[in-house]
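Quantities reported herein were computed from a predicted structural model and do not represent experimental measurements. For this chain, numbers begin at 1 and follow the sequence in order. Indexing begins at 1, ligand by ligand and atom by atom, following the structure's order.
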Amino acid sequence: TSNAMWGGRFAAGPDAVMEAINASVSFDRRLAAQDIAGSRAHAAMLAATGILSHSDAEAIREGLLTVLSEIEGGRFEFSPALEDIHMNVEARLKEIVGEAAGRLHTARSRNDQVATDFRLWVRDQIDAADAGLAALQRALLAQAEAGADWVMPGFTHLQTAQPVTWGHHMLAYVEMFGRDRGRLADARRRLNECPLGAAALAGTGFPIDREMTARELGFDRPMANSLDAVSDRDFALEFLSAASICAMHLSRLSEELVIWASAQFRFVRLSDRFSTGSSIMPQKRNPDAAELIRAKIGRILGATVALFTVMKGLPLAYSKDMQEDKEQVFDAADSLMLSLAAMEGMVRDMDANRTALEAAAGHGFSTATDLADWLVRELGLPFREAHHVTGRLVAAAEARGCDLPDLSLAEMQAAHPGITEAVFEVLGVHNSVASRKSYGGTAPDRVREQVAAWKERLG
Ligand code: ARG
């Protein structure tokens, strides 16, 4: 038999393969709550504008709540023959309220309906991601506050560069995740216009009130162009793009945790709750969560590329290609939320090994720049010459198998006769970080200021 919703001109129903490729209810059922919210707002508007009787509208709005409770209670039977969530809900509504259900789709199309539902869904995900990011920032901030003056090696090229503070390193990620939140907030602002009322593509002849449905659904305003309203998926692409950048940040932090948790570094100990063992090697404590988060960007960026590829080249307005938007966004959103939660737990629970951090901070001639700066400041050497003198001292220390502070004053003076005992003060890692007081620098005083500022911002 032909389709109950659109089968009027059809004599036969779809082939099984046609049904299989066409049906989306197996995944777009995740839009149920948004679909019902959109339909309830639409019905209220149809009544307010006199297009629908108040009694029909009330029956529809009540009936939709029943459908929602059935879906949420797992008592709803989804039918692939009814293609998608929109027609599944409407068909069930008809069973509950009868003929009135058939009036709900007045002045509406599945094209503006799905665009509305999906915007609402993505908006919820943006809000959830923002909350997850805020929680992660708080966990990082707690680490930063506890270790504002703990020294550790700062790296470039993963080679020891200069000592930094643990708090400063943690705050670097607080900044990154703050930018991620900013990108999501920007995306939300542009997303928050309502497509409902664009109908199939051209608008409608019914005297609808698009301001009312927009307001009802928490949108700032209706979208201004009906063609754009049903064909735009920028909002999903912006969410995916922001999610990809965030996933990239999460992946970088994960990589650091994997390195830091290794026996060679021992900078951190991940809690039992966020570590796993090996089935053969009894000594193992593996950072699986960090590794999985590091990998999740593959899915999230993959979804972004997939949706860009679906959308490129689509003529206005709606094409069925766009049904392929949802699974990508669902999977990316799920991956992001899980990653944020796992990272927050890992960071909150992890123990930084202050002793190991400090020991490592002094290795690898990490205060060579401080020595060169001292030669400039105290002896008036041009920086390039100071760099050269310091390089000779590094070579001397390396030849002796010691670090810079272990050289004797005589050895120092062999490189430059003007060097005095006072030089040893700048060779200590604590003096080194304390001296880097420039705005945005690693000095503990600066870190404490930034911690206070972020605490205020995060509330
Ligand atoms: N299931 C469809 C989608 O996800 C809903 C819109 C269908 N519209 C249409 N004219 N076939 O995009």
Which of the atoms of ligand 1 are close to [X], meaning less than 4.0 Å from one of its heavy atoms?
X	answer
Lys326	3 (C), 4 (O), 12 (O)
Ser24	1 (N)
Asp84	1 (N), 2 (C), 5 (C)

How far is [atom] from its nearest protein heavy atom, and which residue and atom is that?
atom	result
atom 2 (C) of ligand 1	Gln323 OE1, 3.2 Å
atom 11 (N) of ligand 1	Arg110 NH2, 3.6 Å
atom 7 (C) of ligand 1	Tyr318 OH, 3.5 Å
atom 8 (N) of ligand 1	Asn111 OD1, 2.9 Å

Is a donor on one side and an acceptor on the other found under 3.5 Å between the side chain of Ser335 and the backbone of Lys296?
->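 Not a single qualifying donor-acceptor pair exists.
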
Side-chain donor/acceptor pairs under 3.5 Å, residues 138-157, sequence neighbours excluded:
from	atom 1	to	atom 2	distance (Å)
Arg138	NH2	Leu458	O	2.9
Gln143	OE1	Trp166	NE1	3.4
Gln143	NE2	Val347	O	2.9
Gln143	NE2	Met350	O	3.0
Glu145	OE1	Lys455	NZ	3.1
Glu145	OE2	Lys455	NZ	2.7
Asp149	OD2	Arg448	NH2	3.4

Do [X] and [Y] have side-chain atoms, one donor and one acceptor, less than 3.5 Å apart?
X	Y	result
Asn88	Arg29	no
Glu216	His42	no
Asp288	Thr276	yes

For His86 and ligand 1, does the shortest N/O to N/O distance drop below 3.5 Å?
->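 Among all N and O atoms of His86, none is under 3.5 Å from an N or O of ligand 1.
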
Roughly how far, to the nearest 0.5 Å, is the CD atom of Glu175 from the CZ atom of Phe177?
->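 If we round to the nearest 0.5 Å, Phe177:CZ and Glu175:CD are 12.0 Å apart.
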
Which bit of Gln113 is near ligand 1, meaning a heavy atom under 4.0 Å away: side chain, backbone, both or neither?
->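 Within the 4.0 Å criterion, Gln113 makes no contact with ligand 1.
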
Using the salt bridge (charged side-chain N to carboxylate O under 4.0 Å, His left out) rule, collect all pairs that involve residues 234-245, keeping only residues at least two apart or in two chains.
->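 Of all non-adjacent pairs touching residues 234-245, those that pass salt bridge (charged side-chain N to carboxylate O under 4.0 Å, His left out) are Arg190-Glu238.
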
